[in-house]
Amino acid sequence: MIVNFLLEKISVEKNKEIAGNVEVKNNAKITDLKEQTIDALGNKQTAVNVHFAFKITYEPNVASINIEGKIIDVMEEKDKKELLATWKKEAKIDPKYSSAWMNLILSRCNVKALSLGNDVNLPPHIPFPRLAKKSQI
């Protein structure tokens, strides 16, 4: 059960004004998993800190948005041990965990990146719905 989403580093850098075609690339990845024990009201629970990095680049060398943070996911001891062992050995994560984590990362970071990009006058990195003029027949 995901109990927290924390941002630890946010940066936006605009190197030059947009001119001509701009290619927008984005990347989100889980960078590390670490064990944590949470003491909530005297009840100790096992958790995993899921460290992530989210990056958007506007090419060629126009701008970049970087967001780093972590998700705290409380889970059963057995599941946590298996997950951390696989991560340590192969740097892989079972999709039953990673899909929920990545969906949360993408939804929260895309919203934050839209706001940051707007602050420095960058076009949205994801398309918005647009109204089309109804044709006259």
Side-chain angles (χ1 to χ4, degrees):
M1 170 176 65
I2 296 172
V3 296
N4 210 345
F5 179 91
L6 305 160
L7 298 180
E8 297 176 324
K9 180 180 179 182
I10 300 172
S11 70
V12 58
E13 184 175 359
K14 186 173 180 182
N15 302 317
K16 61 184 177 183
E17 292 300 319
I18 295 175
N21 290 335
V22 175
E23 184 179 358
V24 180
K25 297 178 182 178
N26 59 42
N27 183 24
K29 64 181 178 178
I30 294 170
T31 58
D32 199 9
L33 298 179
K34 294 189 177 173
E35 183 175 15
Q36 178 179 355
T37 301
I38 298 174
D39 189 0
L41 302 172
N43 183 17
K44 290 192 179 196
Q45 295 181 308
T46 302
V48 174
N49 283 342
V50 182
H51 295 264
F52 67 86
F54 178 88
K55 183 173 187 171
I56 298 172
T57 56
Y58 291 77
E59 299 291 340
N61 196 31
V62 173
S64 64
I65 299 172
N66 295 294
I67 302 172
E68 294 178 14
K70 69 180 175 182
I71 296 168
I72 300 174
D73 194 346
V74 175
M75 59 181 56
E76 297 292 326
E77 182 69 24
K78 177 184 169 236
D79 294 337
K80 181 199 70 160
K81 283 185 179 185
E82 182 181 307
L83 176 71
L84 292 173
T86 304
W87 175 258
K88 187 174 182 179
K89 185 177 179 181
E90 304 172 29
K92 291 186 179 180
I93 303 169
D94 186 325
K96 74 179 179 183
Y97 302 111
S98 63
S99 60
W101 296 338
M102 290 303 293
N103 285 333
L104 180 60
I105 292 165
L106 291 171
S107 65
R108 296 284 299 267
C109 290
N110 274 313
V111 170
K112 180 60 92 175
L114 282 170
S115 176
L116 293 168
N118 188 53
D119 289 345
V120 295
N121 296 318
L122 292 172
H125 64 282
I126 53 177
F128 282 109
R130 295 191 180 269
L131 294 177
K133 195 174 187 179
K134 197 172 186 179
S135 62
Q136 301 282 331
I137 298 179

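Note that OG of S98 is 9.5 Å distant from CG of N103, once rounded to the nearest 0.5 Å. To the nearest 0.5 Å, atoms CD1 (I105) and CZ (F54) are separated by 9.5 Å. Rounding to the nearest 0.5 Å places CE of M102 at 9.0 Å from CD1 of I93. The structure places CD1 of I30 at 9.5 Å from CZ of F52, a figure rounded to the nearest 0.5 Å. Taking CG of L6 as the reference point, atom CD of E68 lies at 13.5 Å (rounded to 0.5 Å). To the nearest 0.5 Å, atom OG1 of residue T57 and atom NE2 of residue H125 are 11.0 Å apart.
Linking Ile, Leu, Val, Met, Phe, Trp and Tyr residues whenever their side-chain heavy atoms come within less than 4.5 Å leaves V74 and L104 in two separate clusters. I2 and V111 are assigned to two separate hydrophobic clusters, defined by single-linkage of ILVMFWY side chains at heavy-atom distances under 4.5 Å. The hydrophobic clustering, which links ILVMFWY residues whose side-chain heavy atoms are closer than 4.5 Å, places I72 and V48 apart. Neither I126 nor V24 shares a network with the other; the hydrophobic side chains, linked directly or stepwise wherever heavy atoms of I, L, V, M, F, W or Y lie under 4.5 Å apart, form separate groups for each. Follow the hydrophobic side-chain contacts under 4.5 Å out from W101 and you never reach V3; the two are in separate clusters.
Around NZ of K112, the count of heavy atoms belonging to other residues, nucleotides or ligands within 6.0 Å does not exceed 12. In E59, the CD atom is crowded: over 12 heavy atoms of neighbouring residues, nucleotides or ligands sit closer than 6.0 Å. E8 CD: more than 12 foreign heavy atoms inside a 6.0 Å radius. Few gaps surround CG on N27; more than 12 heavy atoms of other groups in view lie less than 6.0 Å from it. For E90, the CD atom is densely surrounded, since the number of other residues' heavy atoms within 6.0 Å is greater than 12. By the neighbour-count criterion of 12 heavy atoms within 6.0 Å, atom NZ of K55 is sparsely surrounded, having that number or fewer from other residues, nucleotides or ligands. For K78, the NZ atom is loosely surrounded, since the number of other residues' heavy atoms within 6.0 Å does not exceed 12.
The main-chain N or O of M1 is found under 3.5 Å from a side-chain atom of D73 such that the two form a donor-acceptor pair. Side chain of K88 to backbone of L33: no donor-acceptor contact under 3.5 angstrom is found. Using modelled atom types, no side-chain atom of N118 and backbone atom of L114 make a donor-acceptor pair closer than 3.5 Å. The main-chain N or O of A53 is never found under 3.5 Å from a side-chain atom of T31 such that the two would form a donor-acceptor pair.
Listed here is the closest heavy atom pair of A47 and I38: CB-CD1, 3.6 Å. Scanning all heavy atoms of the two residues, the minimum distance from N21 to P60 falls at O-CD, 4.1 Å. In terms of heavy atoms, A113 sits closest to I56 at CB-CD1, 3.5 Å.
Residues V22 and P123 form no side-chain contact, since every pair of their non-hydrogen atoms from C-beta on lies 4.5 Å or further apart. At a threshold of 4.5 Å between non-hydrogen side-chain atoms, the residues I10 and N66 do not count as touching. The shortest distance between side-chain heavy atoms of I71 and N4 does not fall below 4.5 Å. With a 4.5 Å cut-off on side-chain heavy atoms, S107 and F5 do not count as touching. By the 4.5 Å heavy-atom criterion applied to side chains, Y97 and M75 are counted as neighbours.
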What's the verdict on side-chain contact (heavy atoms from CB on, under 4.5 Å) for W87 and D32, showing C-alpha distance, side-chain angles and the deciding distance? CA-CA 8 Å; W87 175 258; D32 199 9; 3.2 Å; yes
Please test L84 against E35 for side-chain contact (heavy atoms from CB on, under 4.5 Å), starting from the C-alpha separation and ending with a verdict. CA-CA 8 Å; L84 292 173; E35 183 175 15; 3.7 Å; yes
Go through the steps for K14 and N121 under the test side-chain contact (heavy atoms from CB on, under 4.5 Å), then give the verdict. CA-CA 9 Å; K14 186 173 180 182; N121 296 318; 3.9 Å; yes
Please report the C-alpha distance between V62 and K16 in whole Å, then the side-chain angles of each, then the deciding distance to 0.1 Å, and finally whether the side-chain contact (heavy atoms from CB on, under 4.5 Å) criterion is met. CA-CA 5 Å; V62 173; K16 61 184 177 183; 4.0 Å; yes
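A salt bridge does not link D79 to K81: none of the charged side-chain nitrogens sits closer than 4.0 Å to a carboxylate oxygen.
No hydrogens or angles considered: nothing links the side chains of S64 and E13 as a donor-acceptor pair under 3.5 Å.
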